[in-house]
Structures are given as C-alpha cells and as structure tokens.
Amino acid sequence: QVQLVESGGGLVQAGGSLRLSCAASGRTFSNYHMAWFRQAPGKEREFVTAISWSGTTFYGDSVKGRFTISRDSGKNTAYLQMNSLKPEDTAVYYCAATSSYVSVRSAQYDYWGQGTQVTVSS
C-alpha cells in the first residue's frame, strides 16, 4: 500500500503560481511512477503530467511550458510547480502512483491522494 497526501492548493489570480506537493508513505517511493491528474466540475478526470521513477517527464498539451513536475526521493515527495495559471486550470488536483508504467490513463494508477482544490480567478 502507498498513501498519498496532496497539499498546496488554494486561490490564485490568473497569471500567478502555485506549487503542489504529494507526500508518499508506505512503500519505496523510488519504485513508483508518479502523476498528477485534475478534475473540474462536470468534466472527466484529465491527465496533467507524470514523472517516471528514473525522472523522465510527460506533460499534457494544455500545461506544456507552464507546469513542471519533479520528485525528491529523499523526501518521498512529488511536486507540481504551476506557473502562468489560467482560469481553465481550476480543478481538484490529484496525485497518483503506479509501479507498472507511466500512462495518461487514470485507470493505470493504483494509488490516489484525496485531492487538493486549485482555483484561478480571472
């Protein structure tokens, strides 16, 4: 079992920045690929970004050039740095983990955090 706890969400104006954290516990963090998904009201869960255990990163088209994913194995934590935020980035952001392979499909991920709300005002 892996427990994931997100933090860092909040309210920010358009053009601003936020950094989300995902603290992992329970198993060896370095064995897992980590990802961030988001879900806005009335919409399906959307892939945002992922990072493999070796550090290879993947980004959804809507966040390329604005968001950066990283991980710190010493702290068992993954991060999502979000810059140049737009109102359409408003959503609940979820951290996820899988030991198999990186995917843009949420069904591939075995472990999920509870989510953290990000609201971007115009």
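- A side-chain donor-acceptor contact under 3.5 Å links S52 to the backbone of G55.
- Among residue pairs with one or both ends in residues 69-78, none qualify as salt bridge (Lys or Arg N to Asp or Glu O under 4.0 Å); sequence neighbours excluded.
- Other residues, nucleotides and ligands contribute only 12 or fewer heavy atoms inside 6.0 Å of the CH2 atom of W53.
- Qualifying side chain to side chain contact (heavy atoms under 4.5 Å, CB included) partners for S7, counting only residues two or more places apart in sequence or in other chains: S21.
- Under the side chain to side chain donor-acceptor pair (under 3.5 Å) criterion, T56 pairs with no residue, sequence neighbours left out.
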Trace of the ring-ring contact (aromatic ring centres under 6.0 Å, His included) decision for Y109 with F37:
CA-CA 11 Å; Y109 293 83; F37 287 78; 5.4 Å; yes

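- Taking T116 as the reference, nothing meets the side chain to side chain donor-acceptor pair (under 3.5 Å) condition, with sequence neighbours excluded.
- Taking both residues in full, the closest heavy atoms of Y93 and V48 are given as CE2-CG2, 4.3 Å, listed atom of the first, atom of the second, then distance.
- Cluster annotation: Y79 and I69 are assigned to distinct hydrophobic clusters (Ile/Leu/Val/Met/Phe/Trp/Tyr, side-chain heavy-atom contacts under 4.5 Å, transitive).
- For N31, the side chain to side chain contact (heavy atoms under 4.5 Å, CB included) criterion is met by T28, not counting sequence neighbours.
- T119 places no side-chain N or O within donor-acceptor distance of the main-chain N or O of T90, the cut-off being under 3.5 Å.
- By the salt bridge (Lys or Arg N to Asp or Glu O under 4.0 Å) test, R66 is found to be paired with D89, residues two or more places apart in sequence or in another chain being considered.
- Each of V120 and L11 belongs to its own hydrophobic cluster when Ile, Leu, Val, Met, Phe, Trp and Tyr are linked at side-chain heavy-atom distances under 4.5 angstrom.
- Judged as a side chain to side chain contact (heavy atoms under 4.5 Å, CB included), and not counting sequence neighbours, the contacts of Q13 are S121.
- There is a path of hydrophobic side-chain contacts, each under 4.5 Å, that joins V63 to L18.
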Listed pairs under 3.5 Å, donor-acceptor, residues 80-88 side chains, sequence neighbours left out:
| from | atom 1 | to | atom 2 | distance (Å) |
| --- | --- | --- | --- | --- |
| Q81 | NE2 | N83 | OD1 | 2.9 |
| N83 | OD1 | S17 | OG | 2.9 |

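- Remark: F47 CZ to S62 OG distance equals 10.0 Å, nearest 0.5 Å.
- With sequence neighbours excluded, the residues satisfying salt bridge (Lys or Arg N to Asp or Glu O under 4.0 Å) with E46 are R38.
- A disulfide bond (SG atoms under 2.5 Å apart) check over residues 85-122, counting only residues at least two apart or in different chains, returns the pairs C22-C95.
- Under the 4.5 Å side-chain heavy-atom criterion for ILVMFWY residues, no single connected hydrophobic cluster contains both V102 and M34.
- Put simply, the side chain of W112 reaches to within 4.5 Å of the side chain of R45, judged on heavy atoms.
- With sequence neighbours left out, Q3 forms a side chain to side chain contact (heavy atoms under 4.5 Å, CB included) with Q1, S25.
- Residues that satisfy the salt bridge (Lys or Arg N to Asp or Glu O under 4.0 Å) test with K64, not counting sequence neighbours, are D61.
- Side-chain heavy atoms closer than 4.5 Å link hydrophobic residues (I, L, V, M, F, W, Y) into clusters, and following such links, possibly through other members, connects Y111 to L20.
- Of all non-hydrogen atoms in A24 and L4, the two that sit nearest each other are CB-CD2, 3.7 Å.
- For the atom pair T57 OG1 and I51 CD1, the distance stands at 6.5 Å (nearest 0.5 Å).
- Inspection of the Y94 and E6 side chains reveals no N or O donor paired with an N or O acceptor under 3.5 Å.
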